[in-house]
Amino acid sequence: MKGQGQDSIPDKFNKPYDFVATEERIYSLWEKSGFFDPDKLPDRNKKGQPFSMVLPPPNVTGNLHMGSALMLAIEDIMVRYARMTGRKTMWIPGTDHAAIATQSVIEKKIQKEEGKSRYDLGREELLRRIAEHVTVTHDTITRQMRRMGVSIDWSREAFTLDDKRNLAVRTAFNKMYNDGLIYRGYRVVNWDPKGQTTISDDEIEYETRPAKLYTFKYSKDIPITISTTRPETKLGDTAIAVHPEDERYKKYIGQEFKTIFAGEEINLKVIADISVDPAFGTGALGVTPAHSMIDWEIAERHSLPMKQVINEYAKMMVGSETIVGKKTTEARLAVVAWLTKEGLLEKEEDIEHNVSLAQRTGGVVEPLPKLQWFVAVNKEFEQNGKKTTLKKLMIEAVTSGAIKIIPDHFEKVYFNWISNLRDWCISRQIWYGHRLPVWYRSATGDRVGQKEVFVGMESPKGDGWKQDEDTLDTWFSSGLWTFSTLGWPDKKEFDLHRDFHPTTILETGSDILFFWVARMILMSTYLLGEVPFKTVYLHGLVRDAKGRKISKSLGNNVDPLDMIAKYGADAVRMSLIVGVGPGSDSKIGEDKIKAYKLFANKLWNITRFVMSSCEGEKLDPDFTEFSDHDQKLMSDFDALCKDLTTDMDNYRYYLAAEKLYHYAWHEFADIILEDSKKLFAGGVSATNVGSQTDSESEKINKSRKQLLLRILSSIIKLLHPFMPFLTEEIWQEMNTGNSILMVESWPKS
RNA sequence: GCGCGGUUAGCUCAGUUGGUAGAGCAUUCCCUUGACGUGGGAAGGGCCAGGGGUUCGAAUCCCUUACCGCGCACCA
């Protein structure tokens, strides 16, 4: 009977690998060990250069999806590998309040369930409801992360909206304000009428839709014809722009016209601007400074007046009876009707047209002039006695090589984005987020009617001060993440963690290169004078088995938790990693996950075979008496270890994982184990080619047993970053619980 | 318009510094009952998108065309 002697195989090996029972037990073994915390690591794991990484904080809305599962898998591989190679390893968890995203989710929910808007509830009540929701989703998310097996230091968990991060935000804001890099300005911004807030340029998505291009004259008396897809905005026109060299219009430059356009008096000055393309349309452009970003810029250059004709609800503020108060879409038709009636309309063409939509609410973005807060990206300031701009800092961080982006072609994408970068609008008219550290009060004395503005860390002394109602763009606080999680701006606490900043690597989705990666570079180079990370590793999108984007409307979401329940976390991790290079999109299908579940079981059985055929034999790390053939096998394996180490050091996880899979199954199991069967049975094998004495045969058997034990235990180590649960479980059984694989050393050979 | 990718076996993709192609899945056939049928062995299948160039030699480097995807800008 088995299960009696000390060396016999544990009973669980007589059954298929049971990941359900194993994974939870192993995770708590790790958590109890304390080794997720760099300070509690065994000494031998602290010798190398410190390794640090922040988790891209998941939004507190929603659940884990396959994209987050991929992110967690890659990052956990990085971290486990670093730990095993003896680096003092820190991985910091956290969650993101995701301002607009979260608020709009809760608002929608309340609207649906109770029929109430945020204004019905009021600021305080809405925030209370969000906090309530966030507590629940936070717990769900962290539980899901544990299921994935992340070896992250929970004791350092942060939230982008907690008190410490708020202090960091206020500190950063104040410094930027004092340096003149944050300013308040009346400018055209992207207004989301649905969400009732401004959004940044990056929060816009474009959708191509059919539209009509109308060509017409403002009036019979104005000789210039213009084209537009938005005739309703023409009520706000203050100029007609033409190219300075355009012979057709040269004679009109400088002239002024006055007319009543669809019930609204407009004054137009003909100006020359090189941004006008003479070949487009009629070559003349109606300038609407209040409702177009480009026109606003033209207006700035020519000191043109700005006239707002559309309000925050995307409704007309002026015009004839059929127009005023109407939504822009309806007003458009009314203006066209008027143009037709007046005989001014010359042409109506069908064109394809890009519509700007707010990423979070889907609302059609309306450019509006508003008094908002901005970060100036082109303004010069002094740093270390050198004149620079935020844009320059962002560019230099990468051109200097201080930051390396993987895959490297994203560096070009990054520069391309920066070259088009405009001032960053950071104030949002929503309630969930960091309140601007800005206070106002009505001035007294001879400045009555004006407002006093105070920017500081706390509310100023004196009566009548009211804090700005607006909150900051969520990416403002995320930009500080690499150091706000390390204690900044508290000098004492930050000094304690100085070794961990710049962080070693930032691993995140390529889709937030601009939103987040660029903003972190901006904040860190500006506030600390150093880069936030040395390397950026970008992963791509996880698509469904057919290559389609995963979306709610398609209903093709593959829930990682379902897959974990069905096939185990290790299988899910492997399926996400193998064959997926940095930056490239991947497809996930159940078949692939299933294949790695089979692999997990294969390893389980490999272990069973090795343990049963090596009963009584202990792994001897100093053993050298290998037979010639075994020595050859051993050096082949050592070469593999070396190769894998190179892959790991160069972030080629997709290759390393595949090579390991191949070696374990098709070399170790199919060839070495098969040969060992023959050998141990006394038959003909690769080492044992014929007659030999008993002592010779004993020697050969011993050599093979040591080989099997050594290679298996190394495979288990090499595979640990990829399949942590199964390998830890096997390790525990092979070593009867004397050590924890997570902190064993990586076999470099 | 500017920029970035991709195009390799039926499918999904490798191919790291140039040496006339690999894996998994799928297909077909065969084998195996003491590690594992969640197994083992084997076979078929690719003028590496088209064209041109560099080279003794190109899937790999350069140019070009086509198609697919993506980002940014424009969107009068």
Side-chain angles (χ1 to χ4, degrees), chain A residues 9 13-17 201-202 204 206 208-209 211 213-216 225-231 233-234 237 240-242 275-288 292-295 298 351-356 407-422 510-511 513-514 540-541 543 545-547 549 567 575 578-581 583-589 591-592 594-613 643 646-647 650-652 654-655 658-659 661-662 665-666 669-671 673-674 676-677 681 708:
Chain A
I9 319 154
F13 279 100
N14 291 320
K15 294 177 212 134
Y17 173 56
D201 296 346
D202 302 295
I204 295 176
Y206 299 97
T208 308
R209 290 183 184 172
L213 181 68
Y214 304 96
T215 302
F216 56 87
T225 304
I226 59 149
S227 297
T228 183
T229 53
R230 298 199 59 189
T233 62
K234 300 292 105 184
D237 281 12
I240 299 170
V242 298
S275 72
V276 180
D277 177 5
F280 192 99
T282 63
L285 162 69
V287 184
T288 322
S292 154
M293 211 70 89
I294 291 293
D295 292 6
I298 295 175
I351 58 159
E352 291 280 296
H353 170 90
N354 273 346
V355 181
S356 312
D408 58 5
H409 69 255
F410 274 103
E411 293 187 358
K412 288 181 189 162
V413 178
Y414 174 80
F415 294 133
N416 183 245
W417 175 78
I418 290 181
S419 68
N420 291 311
L421 187 62
R422 279 190 270 222
S510 54
D511 54 334
L513 177 62
F514 311 140
L541 227 57
R543 297 167 175 278
K546 291 176 189 155
K549 231 176 183 169
Y567 303 108
S575 68
V578 175
V580 182
S584 53
D585 289 359
S586 57
K587 293 176 193 175
I588 188 75
D591 282 354
K592 193 171 177 189
K594 209 192 250 167
Y596 290 101
K597 182 202 166 220
L598 302 188
F599 179 55
N601 196 60
K602 183 75 182 180
L603 278 167
W604 191 248
N605 287 309
I606 287 171
T607 307
R608 181 203 305 183
F609 175 81
V610 172
M611 286 175 90
S612 71
S613 36
D643 189 32
T646 311
D647 285 338
N650 290 287
Y651 314 102
R652 293 190 293 254
Y654 61 105
L655 268 184
E658 198 174 348
K659 284 175 187 168
Y661 173 92
H662 192 261
W665 201 314
H666 301 297
D670 288 351
I671 296 171
L673 294 195
E674 288 304 320
S676 302
K677 278 185 201 169
L708 294 185

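What you see is a predicted model, and the numbers here were worked out from it, not measured in a lab. Chain naming here is simple, since letters A, B, ... match the order of the sequence lines and numbering starts at 1 in each.
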Between [N] and [M], how far is it from one [atom1] atom to the other, in whole Å?
{"N": "B/U65", "M": "B/C25", "atom1": "P", "answer": "41 Å"}
{"N": "B/A9", "M": "B/G15", "atom1": "P", "answer": "15 Å"}
{"N": "B/C30", "M": "B/G22", "atom1": "P", "answer": "28 Å"}
{"N": "B/G24", "M": "B/G41", "atom1": "P", "answer": "10 Å"}
{"N": "B/G45", "M": "B/C56", "atom1": "P", "answer": "34 Å"}
{"N": "B/A58", "M": "B/G53", "atom1": "C1'", "answer": "11 Å"}
{"N": "B/A23", "M": "B/A66", "atom1": "C1'", "answer": "30 Å"}
{"N": "B/A26", "M": "B/U17", "atom1": "P", "answer": "32 Å"}

Kindly point out which of [options] is positioned nearest to the side chain of [X]?
{"X": "A/R543", "options": "B/G69, B/C75, B/A35", "answer": "B/G69"}
{"X": "A/F609", "options": "B/U38, B/A35, B/U16", "answer": "B/A35"}
{"X": "A/N601", "options": "B/C75, B/U16, B/U38", "answer": "B/U38"}
{"X": "A/N416", "options": "B/G3, B/A73, B/G41", "answer": "B/G3"}
{"X": "A/L655", "options": "B/A76, B/G41, B/A14", "answer": "B/A14"}

For [X] and [N], give me the distance from atom [atom1] to atom [atom2], rounded to whole Å.
{"X": "A/I606", "N": "B/U38", "atom1": "CD1", "atom2": "P", "answer": "16 Å"}
{"X": "A/W604", "N": "B/C36", "atom1": "CH2", "atom2": "C1'", "answer": "13 Å"}
{"X": "A/R608", "N": "B/C36", "atom1": "CZ", "atom2": "P", "answer": "6 Å"}
{"X": "A/F599", "N": "B/G39", "atom1": "CZ", "atom2": "P", "answer": "13 Å"}
{"X": "A/K412", "N": "B/G5", "atom1": "NZ", "atom2": "P", "answer": "5 Å"}
{"X": "A/F410", "N": "B/G71", "atom1": "CZ", "atom2": "C1'", "answer": "9 Å"}
{"X": "A/N650", "N": "B/U17", "atom1": "CG", "atom2": "P", "answer": "11 Å"}
{"X": "A/E658", "N": "B/A14", "atom1": "CD", "atom2": "C1'", "answer": "6 Å"}

Need one value for [X]: base, sugar-phosphate or nothing, where a base atom within 4.0 Å counts as base even if backbone is also close, heavy atoms only.
{"X": "A/V276", "answer": "base"}
{"X": "A/R422", "answer": "sugar-phosphate"}
{"X": "A/E674", "answer": "base"}
{"X": "A/A600", "answer": "nothing"}
{"X": "A/R230", "answer": "nothing"}
{"X": "A/T208", "answer": "nothing"}
{"X": "A/D295", "answer": "nothing"}
{"X": "A/I294", "answer": "sugar-phosphate"}
{"X": "A/F415", "answer": "nothing"}
{"X": "A/P407", "answer": "nothing"}
{"X": "A/L673", "answer": "base"}

Give a yes/no on whether any side-chain N or O of [X] is located under 4.0 angstrom from OP1 or OP2 of [N].
{"X": "A/W665", "N": "B/G40", "result": "yes"}
{"X": "A/H666", "N": "B/G24", "result": "yes"}
{"X": "A/Y206", "N": "B/A73", "result": "yes"}
{"X": "A/Y654", "N": "B/G24", "result": "no"}
{"X": "A/T229", "N": "B/A76", "result": "yes"}
{"X": "A/K602", "N": "B/G39", "result": "no"}

Item to check | Geometric class of the A/Y596/A/F599 ring pair [parallel <30°, tilted 30-60°, perpendicular >60°] | outcome: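 A/F599 vs A/Y596 ring planes: perpendicular.
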Checklist entry - Any idea how A/W604 and A/Y17 line up, ring-wise: parallel (<30°), tilted (30 to 60°), or perpendicular (>60°)? => result tilted
Checklist entry - Which sits closer to the 5' end of RNA chain B, A/D201 or A/G286, going by the nucleotide each is nearest to? => result A/D201
Checklist entry - Quick one: on RNA chain B, does A/S584 or A/Y661 contact a more 5' nucleotide (nearest heavy atom)? => result A/S584
Is the backbone of [Y] close enough, under 3.5 Å, to the side chain of [X] for a donor and an acceptor to pair up by distance?
{"X": "A/K602", "Y": "A/A669", "answer": "no"}
{"X": "A/N601", "Y": "A/P16", "answer": "no"}
{"X": "A/T282", "Y": "A/T225", "answer": "yes"}
{"X": "A/S292", "Y": "A/T288", "answer": "no"}
{"X": "A/N650", "Y": "A/T646", "answer": "yes"}

Checklist entry - Considering only heavy atoms from C-beta outward, does the side chain of A/L673 approach that of A/F609 to under 4.5 Å? => result yes
Checklist entry - Side chains of A/R422 and A/M293: closer than 4.5 Å at any heavy-atom pair? => result yes
Return the nucleotide paired to [N]: Watson-Crick means purine N1 to pyrimidine N3 with N6-O4 or O6-N4, wobble means G-U with N1-O2 and O6-N3, both under 3.5 Å.
{"N": "B/U55", "value": "none"}
{"N": "B/U17", "value": "none"}
{"N": "B/C75", "value": "none"}
{"N": "B/G24", "value": "B/C11"}
{"N": "B/G45", "value": "none"}
{"N": "B/G3", "value": "B/C70"}

